Amino acid sequence: MKRYFDDVLLGSIELFCFAAELGSFTAAAAAASVTPAAVSRSIARLEERLGVRLFVRTTRQIRLTDGGRIYFEQCRQALSQLTDAERQVTGSQAKPAGMLRVSAPTPFAHYRLLPLLGEFRRKYPEVTLDIHVSNRNIDFADEGYDLAIRGRAPADSSLIARKLEDAELVLVASPVYLKRHGRPRKLEDLAKHECIQFELPSTGRRIPWLFMQDGVETDVPTNGGLCCSEDVLGIVTLARAGAGLVQTYRYIVEQDLERGDLVELLPQHGGTSRPFILLYPHARHLSLRVRTFVDFLVAHLPRRQAKP
């Protein structure tokens, strides 16, 4: 077997990954207990070997080039597999450790994921979590994420998809709004009301409202002069303020409903839901921290709402 990497080069790759993760040569130097000059020399050696610029440098910051992002993702996975292999051989594989990057949409992050992470860290203190809260679809290869939670499974066959939950939808409005405008009694009444809209960041389209009608799940067209994009929690804030009707996930408004701050409408047409799906890349040797996090999440989410 031909040798491609010497100790100096492997050390340079580790320093490169530190710099990419921390966004700074100085921070990478502190993390690795070396000087910033040593980090700079190591990066220069890598760039000379590859014939590619890995970072764009300014006086204030560094950022990965397109080639640097590709190289970082591959190097990060390779180093992670080496670390896991060492733990397995030495018998310490039962202890997950290292950085775990997770992307989750706003409602699921705030009401499902983030409340669980304190317990996860107490149980696995050597796993460092970097949580990206956004409704934007991330690119695993380019952005270096380990896991993502999304509202639909992509066509990308390189990703494993596991359903976490079918989140029930509910139609609500505030008592203030209903006092002014009356309560809808049937689906046709929605045309007379201010129906607060949410625009999907990925498509620019407004999310259709789903109702059960004669035992069939049906899209019902709605209209309104208020629309939010990016942050779906915005539409709930508007509803709480008496701005109109909104269809949202029951788990977001269940406390509002209990307190009477919001009122459930058209329950006879309820029972619809949307899924939340966990995505992660196929890998022959999935890291222990990823496996542990997946198992933890599945065990702690409300299974009663999940459908096959």
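Since the model is a prediction, treat every value here as computed from it, not as a measurement.
Going from atom CZ of R122 over to atom CG of L117 covers 10.5 Å, rounded to the nearest 0.5 Å. Expressed to the nearest 0.5 Å, how far CZ of F293 lies from CG of L288 amounts to 13.5 Å. Separation of atoms OG1 (T128) and CZ (R289) is listed at 9.5 Å; rounding is to 0.5 Å. One finds the CZ atom of F108 at 6.5 Å from the CG atom of L113 (value rounded to the nearest 0.5 Å). Put simply, CZ on R112 and CD1 on I252 are 9.5 Å apart, with the number rounded to the nearest 0.5 Å. Going from atom NZ of K123 over to atom CZ of R121 covers 15.0 Å, rounded to the nearest 0.5 Å.
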Please table the atom pairs, donor to acceptor, closer than 3.5 Å between any side-chain atom in residues 224-234 and protein atoms at least two apart or in another chain.
| residue | atom | partner | partner atom | Å |
| --- | --- | --- | --- | --- |
| D231 | OD1 | L233 | N | 3.0 |

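In terms of heavy-atom proximity, C17 sits nearest to C75 at SG-CB, 3.7 Å. Heavy-atom minimum distance, A161 versus I277: CB-CG2, 3.7 Å. Of all heavy-atom pairs spanning H132 and S103, the tightest one is ND1-OG, 2.8 Å. Of all heavy-atom pairs between D166 and S273, the closest is CB-OG, 3.7 Å. Residues H193 and G182 share a closest heavy-atom pair of CE1-O, 3.1 Å. Between G271 and M212, the shortest heavy-atom contact is C-CG, 4.3 Å.
Looking at L278 and V294, their side chains come closer than 4.5 Å, going by heavy atoms from C-beta outward. Under the 4.5 Å side-chain criterion, counting only non-hydrogen atoms from C-beta, T248 is not in contact with L169. Between L279 and L147, every side-chain heavy-atom pair lies at or beyond the 4.5 Å cut-off. Inter-residue side-chain proximity for L257 and R250 is flagged as met; some heavy-atom pair is nearer than 4.5 Å. By the 4.5 Å heavy-atom criterion applied to side chains, L116 and L301 are counted as neighbours. Side-chain contact between V127 and F120 is present, with at least one heavy-atom pair separated by less than 4.5 Å. Put simply, the side chain of V290 does not reach to within 4.5 Å of the side chain of T292, judged on heavy atoms. Looking at I70 and D66, their side chains never come closer than 4.5 Å, going by heavy atoms from C-beta outward.
With sequence neighbours excluded, the residues satisfying side chain to side chain contact (heavy atoms under 4.5 Å, CB included) with L50 are V52, L54, Y71. Take E21 and apply the side chain to side chain contact (heavy atoms under 4.5 Å, CB included) test, not counting sequence neighbours, and it matches F72, R76. Residues satisfying the side chain to side chain contact (heavy atoms under 4.5 Å, CB included) test with K186, not counting sequence neighbours, are E188, D189. For D256, the salt bridge (charged side-chain N to carboxylate O under 4.0 Å, His left out) test picks out R240, R259, with sequence neighbours left out. Taking the salt bridge (charged side-chain N to carboxylate O under 4.0 Å, His left out) definition, one finds that D219 meets it with nothing, sequence neighbours left out. Remark: E47 engages R57 in a salt bridge (charged side-chain N to carboxylate O under 4.0 Å, His left out) (not counting sequence neighbours). Every residue meeting the side chain to side chain contact (heavy atoms under 4.5 Å, CB included) condition with I207, not counting sequence neighbours, appears here in chain and number order: F198, L200, R274.
Between the side chain of S40 and the backbone N or O of P36, no donor-acceptor pair lies under 3.5 Å. Judged by distance alone, with hydrogens and angles left aside, the side-chain atoms of T218 form a donor-acceptor pair with the main-chain N or O of V216 at under 3.5 Å. Looking only at distances, no side-chain donor or acceptor of S12 sits under 3.5 Å from a matching main-chain atom of L46. In this structure, Q255 contributes its side chain and V253 its backbone to no donor-acceptor pair below 3.5 Å. One N or O on the side chain of Q247 and one on the backbone of L210 form a donor-acceptor pair closer than 3.5 Å.
Here ring pair (Phe, Tyr, Trp, His ring centres under 6.0 Å) pairs that include residues 25-57, with residues two or more places apart or in two chains, are F16-F55, F25-F55.
Of the charged side-chain nitrogens involved, at least one lies within less than 4.0 Å of a carboxylate oxygen, so that R101 and D130 count as a salt-bridged pair.
The aromatic rings of Y249 and Y251 sit parallel to each other, their planes meeting at less than 30°, with 60° as the upper class boundary.
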Please lay out, stage by stage, how V172 and V246 fare under the test side-chain contact (heavy atoms from CB on, under 4.5 Å).
CA-CA 6 Å; V172 298; V246 72; 3.5 Å; yes
R205 vs E199, side-chain contact (heavy atoms from CB on, under 4.5 Å): CA-CA, chis, key distance, verdict:
CA-CA 5 Å; R205 293 184 175 183; E199 189 177 277; over 6 Å; no
Start with the C-alpha distance between T106 and H110, add both sets of side-chain angles, then the distance that settles side-chain contact (heavy atoms from CB on, under 4.5 Å), and finish with yes or no.
CA-CA 6 Å; T106 306; H110 283 283; 3.6 Å; yes
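In the hydrophobic cluster analysis, where Ile, Leu, Val, Met, Phe, Trp and Tyr join through side-chain heavy atoms closer than 4.5 angstrom, L114 is grouped together with V298. By the rule that hydrophobic residues join a cluster once side-chain heavy atoms approach within less than 4.5 Å of another member, I131 and F296 end up as members of one cluster.
In the hydrophobic clustering (ILVMFWY side chains linked at under 4.5 Å, chained through shared members), W209 is joined by L171, Y177, L178, L187, L190, F211, V220, L245, V263, L265, L266. Listed by chain and number, the hydrophobic cluster partners of V56 come to none, as no ILVMFWY side chain reaches under 4.5 Å of it. Taking Ile, Leu, Val, Met, Phe, Trp and Tyr as hydrophobic and joining them when side-chain heavy atoms fall under 4.5 Å apart, one finds M99 isolated, its cluster having no other members.
At least one test fails for R150 against the ring of F276: distance under 6.0 Å to the centre or angle within 45° of the axis.
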